[in-house]
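Working notes for the structure below.
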Protein chains: 2
Amino acid sequence: MAKPPASNQNGFPPARHDHARCVARALEQAEGICAKRSAQFTGLRRQVLGIIWNSHSPIGAYEILAALSSRERRPAPPTVYRALEFLQAHGLVHRIESKNAYIGCAHLETAQHAGQFLMCRACGQTAEACDKDLSRAIQKLAEKSGFSLEEQTVELSGLCPACKSKNRHAA
Amino acid sequence: MAKPPASNQNGFPPARHDHARCVARALEQAEGICAKRSAQFTGLRRQVLGIIWNSHSPIGAYEILAALSSRERRPAPPTVYRALEFLQAHGLVHRIESKNAYIGCAHLETAQHAGQFLMCRACGQTAEACDKDLSRAIQKLAEKSGFSLEEQTVELSGLCPACKSKNRHAA
DNA sequence: CACCGTAATGTTATACTATAACATTAGATC
DNA sequence: GATCTAATGTTATAGTATAACATTACGGTG
């Protein structure tokens with residue numbers, strides 16, 4: 001059994017952690033998930049997922065495109081968007097609507113779920129929460145409104161613990 | 001004292017309601033709010049707000065631009081985006097991130113607040129909620145994570161009560 | 001193994017969303 | 001009415017996303 005991913009209880013990764021493990025773990029899990037569904041986890045898709053997992057901050061489609069490019073190879077936008085579509089469909093990445101950007105799913109063990117994101121405006125690091133109480137409150141609001149809930153976007157912006165304390169120490 | 005805006009308890013406007021009253025009320029309140037802050041509620045800004053309030057569905061910037069255009073007058077995008085910027089800054093409209101679109105604020109009496117939106121995927125109608133329990137759950141999640149919350153995006157998509165019952169009768 | 005059909009990727013063009021930078025006009029203040 | 005600032009106009013361009021069609025790679029079948 002693989003060790004759990006490096007992260008504090010608060011969902012934000014420690015400032016210094018073995019990030020290679022985060023990436024390797026995500027790719028492994030993705031591979032397993034795709035195999036189970038006989039979905040093709042192709043080289044391109046793996047590469048894009050790797051690029052996305054390169055950091056814990058959401059990354060834009062055109063940044064991915066740039067990372068994918070080299071002297072010999074210069075893919076066009078649809079290449080990236082199609083890979084993203086696949087990865088999103090299988091719950092391997094989430095789209096951050098308020099940033100037009102994409103981030104790797106941090107809860108691959110939880111089948112199809114709507115993410116709740118805590119995004120630091122200073123360092124960009126983004127934690128994915130899966131808060132029961134929050135989910136329940138959303139579900140209740142929907143019920144109360146006679147609304148049949150299908151999808152949800154919950155994106156919270158502010159300062160992560162690390163940047164908050166940095167700020168405090170500064171002026 | 002003006003009558004409250006037409007709406008069911010669930011936040012969605014009744015299928016048939018005196019929509020002219022919604023618009024008039026929004027414009028009046030906006031006028032008051034701007035006056036209080038000595039912000040200029042110019043003709044253009046009033047016109048854009050009126051276009052946005054023309055329906056209870058979010059509207060895109062370029063749709064607003066089209067509505068603003070005529071044979072004699074054909075404004076450029078910045079005209080609309082600047083008006084939107086002003087209206088957002090004063091809490092008169094909200095941006096719906098997941099749709100790149102804008103909707104009139106339905107809670108002008110509540111000073112600067114983050115909206116919670118219930119968006120019908122069938123008819124587009126969007127209700128703005130201000131759910132205490134949901135807000136509390138979000139705040140709690142932030143605290144638990146040591147996160148200093150500044151802004152939030154909560155956008156729920158699904159079927160509104162009316163479309164839900166229509167769907168049930170069909171099929 | 002050769003064939004076929006489908007899924008994936010490549011390629012070109014274009015649509016949609018948003019802003020930078022500078023010019024002009026309109027309003028407030030004195 | 002001169003002057004200063006806020007608002008709007010104008011031109012150009014950046015950034016995000018998809019449509020449509022061509023080609024390639026892959027899995028199954030005879």
Side-chain angles (χ1 to χ4, degrees), chain A residues 30-31 34-52 57-90 92-103 124 153 155, chain B residues 30-31 34-52 57-90 92-103 124 153 155:
Chain A
E31 184 135 28
C34 289
K36 212 174 291 178
R37 308 186 191 172
S38 34
Q40 303 185 43
F41 194 48
T42 65
L44 176 66
R45 288 164 179 174
R46 164 185 291 272
Q47 206 180 348
V48 169
L49 186 57
I51 290 166
I52 291 171
S57 304
I59 180 177
Y62 279 73
E63 282 179 87
I64 296 172
L65 190 57
L68 216 47
S69 299
S70 64
R71 187 167 298 274
E72 316 87 51
R73 188 177 171 223
R74 189 151 301 274
T79 297
V80 166
Y81 282 103
R82 281 188 294 226
L84 286 171
E85 188 179 21
F86 173 90
L87 296 171
Q88 285 180 267
H90 290 281
L92 304 174
V93 315
H94 297 285
R95 176 179 160 83
I96 303 293
E97 298 291 347
S98 56
K99 293 189 172 179
N100 296 334
Y102 305 83
I103 193 166
T153 300
E155 296 171 5
Chain B
E31 183 135 28
C34 290
K36 212 174 291 178
R37 307 186 191 171
S38 34
Q40 302 185 42
F41 193 49
T42 65
L44 176 66
R45 289 165 178 173
R46 164 186 289 270
Q47 205 181 349
V48 168
L49 186 56
I51 290 166
I52 291 171
S57 305
I59 181 176
Y62 279 72
E63 284 179 86
I64 296 171
L65 190 57
L68 217 47
S69 299
S70 64
R71 188 169 297 275
E72 316 85 51
R73 188 179 172 220
R74 190 151 301 273
T79 297
V80 165
Y81 282 103
R82 283 189 292 227
L84 285 171
E85 189 179 20
F86 173 89
L87 296 171
Q88 285 180 268
H90 290 280
L92 303 175
V93 316
H94 297 285
R95 176 177 160 85
I96 303 294
E97 298 292 347
S98 58
K99 294 190 171 178
N100 297 333
Y102 305 83
I103 193 166
T153 299
E155 295 171 6

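A, B, ... follow the sequence lines: proteins, then strands. Residue 1 opens every chain. No experiment lies behind these values; they were computed from the predicted model shown.
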Pairing residues for B:Arg71 by the side chain to side chain contact (heavy atoms under 4.5 Å, CB included) criterion, not counting sequence neighbours: none
Pairwise distance CD(B:Glu85) to NE2(B:His90) - rounded to 0.5 angstrom: 10.0 Å
A:Leu84, A:Asn100, A:Ile103 screened by side-chain contact (heavy atoms from CB on, under 4.5 Å) with A:Arg95, the one that passes: A:Asn100
Pair of N/O donor and acceptor under 3.5 Å linking C:dA15 base with B:Tyr62 side chain: no
Length of the CD-P vector between B:Glu85 and C:dA18, whole Å: 12 Å
Where A:Arg73 and A:Leu68 come nearest, the two heavy atoms and their spacing: NH1-O, 3.8 Å
Between B:Ser98 and B:Glu155, a side-chain donor and acceptor under 3.5 Å: yes
For atom CG of A:Asn100 and atom P of C:dA18, their distance in whole Å: 8 Å
Nearest heavy-atom neighbours spanning A:Arg37 and A:Ala89: NH1-O, 4.4 Å
Distance, rounded to the nearest Å, where B:Leu84 contributes CG and C:dT19 contributes P: 10 Å
Sugar-phosphate, base or nothing in reach of A:Tyr102, heavy atoms under 4.0 Å: sugar-phosphate
Presence of B:Arg95 side-chain N/O under 4.0 Å of C:dT17 phosphate oxygens OP1/OP2: no
Closest contact, heavy atoms only, B:Gln88 versus B:Tyr102: OE1-CE2, 3.8 Å
Sugar-phosphate, base or nothing in reach of B:Arg82, heavy atoms under 4.0 Å: base
Nearest-nucleotide comparison on DNA chain C, the residue closer to the 5′ end among B:Gly60 and A:Arg45: A:Arg45
Residues in contact with DNA chain C, drawn from residues 68-79 of chain A - heavy-atom cutoff 4.0 Å: A:Ala76, A:Pro78, A:Thr79
Verify stack between B:Tyr81 ring and C:dT19 base, 5.5 Å, 30 degrees: no
Step-by-step side chain to side chain donor-acceptor pair (under 3.5 Å) determination, A:Thr42 to A:Gln40: CA-CA 5 Å; A:Thr42 65; A:Gln40 303 185 43; over 6 Å; no
Closest heavy-atom pair and its distance - A:Leu92, A:Cys34: CD1-SG, 4.2 Å
Chain B contact limits on DNA chain D, taken 5' to 3' with a cut-off of 4.0 angstrom to heavy atoms: D:dA6 to D:dT11
